[in-house]
Student: 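Below: one structure in structure tokens.
Being a predicted model, the structure only gives us computed values, none of them experimental.
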Amino acid sequence: MSQKPEVSDLVASVLRHVNELLLAPLRVRRFVNLHKDFDADDGEITRTRKLRRNVIEERYAPLIEALYSDARAIVQDARITYESGEIGTISRTLSIRSVD
């Protein structure tokens with residue numbers, strides 16, 4: 001659902017509004033809606049919901065690089081830990097949007 005154009009348009013409109021309140025260097029220029037939440041079971045956040053930046057930087061490096069390039073989409077592979085303890089991978093094409 002995060003990749004539906006309607007959802008992306010809604011996020012873009014909110015970001016445009018927020019950008020009006022920010023100084024130019026602080027404005028959001030591009031964004032991507034991820035296909036899953038950061039999860040403590042996947043090691044991306046702590047149990048107290050703090051980001052583990054080194055894990056995020058490592059796992060999402062291609063996505064971060066794409067945000068700073070001219071790419072319009074990226075195929076992102078994400079590791080998922082199921083309730084049973086099994087580990088799987090899902091692959092999704094994520095749209096990268098510019099905020100006008």
Side-chain angles (χ1 to χ4, degrees):
M1 192 160 165
S2 69
Q3 298 307 301
K4 288 189 173 267
E6 298 87 0
V7 174
S8 191
D9 290 343
L10 178 63
V11 172
S13 69
V14 171
L15 288 174
R16 275 192 293 278
H17 174 71
V18 169
N19 277 348
E20 291 174 7
L21 306 172
L22 297 173
L23 297 173
L26 301 176
R27 292 183 183 147
V28 176
R29 289 181 219 109
R30 292 170 49 98
F31 72 96
V32 63
N33 289 331
L34 296 178
H35 55 293
K36 72 176 207 70
D37 290 335
F38 293 134
D39 192 349
D41 291 336
D42 294 332
E44 297 165 336
I45 59 174
T46 65
R47 295 288 173 196
T48 57
R49 313 284 301 162
K50 295 176 193 152
L51 285 177
R52 291 195 169 143
R53 292 178 187 269
N54 58 339
V55 174
I56 300 298
E57 288 174 6
E58 179 183 315
R59 290 191 187 159
Y60 293 91
L63 177 59
I64 294 167
E65 289 176 25
L67 282 167
Y68 289 96
S69 73
D70 293 333
R72 294 181 163 231
I74 186 170
V75 175
Q76 178 69 31
D77 297 325
R79 190 182 90 179
I80 295 181
T81 305
Y82 297 99
E83 289 180 16
S84 64
E86 293 181 36
I87 296 175
T89 303
I90 61 171
S91 181
R92 295 285 187 265
T93 300
L94 304 176
S95 298
I96 299 173
R97 292 273 311 259
S98 294
V99 180
D100 303 327

Student: Measuring from Phe38:CZ to Arg52:CZ, what's the distance to the nearest 0.5 Å?
Tutor: 13.0 Å

Student: Given 3.5 Å as the limit, does a donor-acceptor pair link the side chain of Ser69 with the main chain of Ala71, or not?
Tutor: yes

Student: Leu15 vs Glu20, test: side-chain contact (heavy atoms from CB on, under 4.5 Å). Steps then yes/no.
Tutor: CA-CA 9 Å; Leu15 288 174; Glu20 291 174 7; over 6 Å; no

Student: Salt bridge check: are Glu44 and Arg79 linked by an N-O gap of less than 4.0 Å?
Tutor: no

Student: Measure the spacing between CG of Asp9 and NZ of Lys4 and express it to the nearest 0.5 Å.
Tutor: 12.5 Å

Student: Look up atom NE2 in His35 and atom CG in Leu94, then write down how far apart they are to the nearest 0.5 Å.
Tutor: 6.0 Å

Student: Let me check something: do Tyr68 and Tyr60 share a hydrophobic cluster, defined by ILVMFWY side-chain heavy atoms less than 4.5 Å apart, either directly or through other members?
Tutor: yes

Student: Evaluate the side-chain proximity of Val55 to Glu58: yes if any heavy-atom separation is below 4.5 Å, no if none is.
Tutor: no

Student: Return yes if a side-chain donor-acceptor contact under 3.5 Å exists between Asp77 and Thr89, otherwise no.
Tutor: no

Student: How many angstroms lie between CG in Leu51 and CD in Glu57, if you round to the nearest 0.5 Å?
Tutor: 10.5 Å

Student: Checking side-chain contact (heavy atoms from CB on, under 4.5 Å) for the pair Arg97/Arg30: CA distance, chi angles, key distance, verdict?
Tutor: CA-CA 5 Å; Arg97 292 273 311 259; Arg30 292 170 49 98; over 6 Å; no

Student: Does Val99 share a hydrophobic cluster with Leu10, counting links as ILVMFWY side-chain heavy atoms below 4.5 Å and allowing steps through other members?
Tutor: no

Student: Between CD of Gln3 and OG of Ser8, what distance do you get to the nearest 0.5 Å?
Tutor: 7.5 Å

Student: Around Lys36, counting heavy atoms of other residues, nucleotides and ligands shown, do more than 12 lie under 6.0 Å from its NZ?
Tutor: yes

Student: Please determine whether residues Leu34 and Ile96 belong to a single hydrophobic cluster, defined as Ile, Leu, Val, Met, Phe, Trp and Tyr linked transitively by side-chain heavy-atom distances below 4.5 Å.
Tutor: yes

Student: Salt bridge or not for Arg59 and Asp42, using N-O below 4.0 Å?
Tutor: no

Student: In this structure, are over 12 heavy atoms from other groups packed under 6.0 Å from Arg72 atom CZ?
Tutor: no

Student: Applying the side chain to side chain contact (heavy atoms under 4.5 Å, CB included) test to Val11, which of Asn33, Val32, Val28 qualifies?
Tutor: Asn33

Student: Would you confirm whether Thr46, through its side chain, and Lys50, through its main-chain N or O, come within 3.5 Å as a donor-acceptor pair?
Tutor: yes

Student: How far apart are the C-alpha atoms of Asp100 and Arg29, what are their side-chain angles, what is the distance that settles it, and do they pass the salt bridge (Lys or Arg N to Asp or Glu O under 4.0 Å) test?
Tutor: CA-CA 8 Å; Asp100 303 327; Arg29 289 181 219 109; over 6 Å; no

Student: Taking Arg27 as the fixed residue, which of Val18, Leu21, Asn19 is the one that meets the side chain to side chain contact (heavy atoms under 4.5 Å, CB included) rule?
Tutor: Asn19

Student: Membership question, hydrophobic clusters at under 4.5 Å side-chain separation (ILVMFWY): are Ile56 and Leu63 in the same one?
Tutor: yes

